[in-house]
Engineer: 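I have a structure here, written as structure tokens, and I will follow up with some questions on it.
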Amino acid sequence: MNVKPIPNALLGDNITLLLPTPTGFSETPVKNVRVELSESIDRYAESGTRRSVQITVWVDRRHSTWTEFPVGASVRYNGETFTITEQKVYRAAEPHHCKFTAKKIGDDSL
């Protein structure tokens with residue numbers, strides 16, 4: 001199966017992958033990805049509502065910086081820190097795209 005890469009016109013954002021180390025965090029710049037920001041309201045019976053912010057990120061094996069994006073790891077985007085809550089690697093004999101979602105946990109907190 002021949003899978004086409006994500007067109008460069010749809011890419012262009014940059015993020016930083018943050019992974020824990022024994023002495024803190026390692027930072028891996030990830031270039032030329034697509035990031036979409038979304039917001040929602042979460043409703044809680046006891047405390048009312050809370051604003052929730054998340055990003056959806058698409059990474060292309062050919063045009064982006066390729067690395068692993070484990071669930072539970074953090075990413076920094078535009079000065080905000082997000083935790084990866086879900087990820088999927090798309091394959092056709094070999095990996096060609098990765099898509100993950102991450103929820104905001106803070107502003108430049110790591």
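A quick note: this is a predicted structure, and the numbers were derived from the prediction, not measured.
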Engineer: By the definition side chain to side chain contact (heavy atoms under 4.5 Å, CB included), identify the one residue from T67, I15, L11, V33 that meets it with V59.
Structural biologist: V33
Engineer: If two hydrophobic side chains count as joined below 4.5 Å and joins carry through other members, does I105 share a cluster with L17?
Structural biologist: no
Engineer: Among residues at least two apart in sequence or on other chains, which ones pass side-chain hydrogen bond (donor to acceptor under 3.5 Å, both in side chains) with H97?
Structural biologist: D60
Engineer: Considering residues, nucleotides and ligands other than K99, do more than 12 of their heavy atoms fall under 6.0 Å from its NZ?
Structural biologist: no
Engineer: Examine V57 and V30 and state if one hydrophobic cluster contains both, with Ile, Leu, Val, Met, Phe, Trp and Tyr joined whenever side-chain heavy atoms are less than 4.5 Å apart.
Structural biologist: yes
Engineer: List for me each residue that meets side-chain hydrogen bond (donor to acceptor under 3.5 Å, both in side chains) alongside S40, sequence neighbours excluded, and say none if there are none.
Structural biologist: none
Engineer: Taking ring pair (Phe, Tyr, Trp, His ring centres under 6.0 Å) as the cut-off, I'd like each qualifying pair that reaches into residues 49-68, sequence neighbours left out, listed once.
Structural biologist: none
Engineer: Could you give the distance from CZ (R76) to OG1 (T81), rounded to the nearest 0.5 Å?
Structural biologist: 5.5 Å
Engineer: Are F100 and V53 connected into the same hydrophobic cluster when the rule is that any two of I, L, V, M, F, W, Y join if their side-chain heavy atoms are below 4.5 Å apart?
Structural biologist: yes
Engineer: Using the test side-chain hydrogen bond (donor to acceptor under 3.5 Å, both in side chains), find all partners of T83 that sit at least two apart in sequence or belong to another chain.
Structural biologist: none
Engineer: Quick one: pull up CD in E27 and OG1 in T21 and give me the separation to the nearest 0.5 Å.
Structural biologist: 10.5 Å
Engineer: What residues, two or more places apart in sequence or in another chain, satisfy salt bridge (Lys or Arg N to Asp or Glu O under 4.0 Å) together with E36?
Structural biologist: R34
Engineer: When rounded to the nearest 0.5 angstrom, what distance separates CG in N78 from CG in D13?
Structural biologist: 7.5 Å
Engineer: For the residue pair K31 and S64, establish whether any side-chain heavy-atom pair is separated by less than 4.5 Å.
Structural biologist: no
Engineer: Could you list the residues that satisfy side-chain hydrogen bond (donor to acceptor under 3.5 Å, both in side chains) with N8, not counting sequence neighbours?
Structural biologist: N32
Engineer: Shortest non-hydrogen contact from Q54 to K103?
Structural biologist: OE1-CE, 3.9 Å
Engineer: Would Q87 and C98 satisfy side chain to side chain contact (heavy atoms under 4.5 Å, CB included), going step by step from the backbone distance to the final call?
Structural biologist: CA-CA 7 Å; Q87 71 91 356; C98 177; 3.9 Å; yes
Engineer: Honestly curious: do F69 and Y77 fall in one hydrophobic cluster under the side-chain, below-4.5 Å linking rule?
Structural biologist: yes
Engineer: Let me confirm one number: the CZ-CD1 distance from R62 to I6, rounded to the nearest 0.5 Å.
Structural biologist: 11.5 Å
Engineer: Taking the side chain as every heavy atom from C-beta outward, state whether L18 and V75 have any atom pair closer than 4.5 Å.
Structural biologist: no
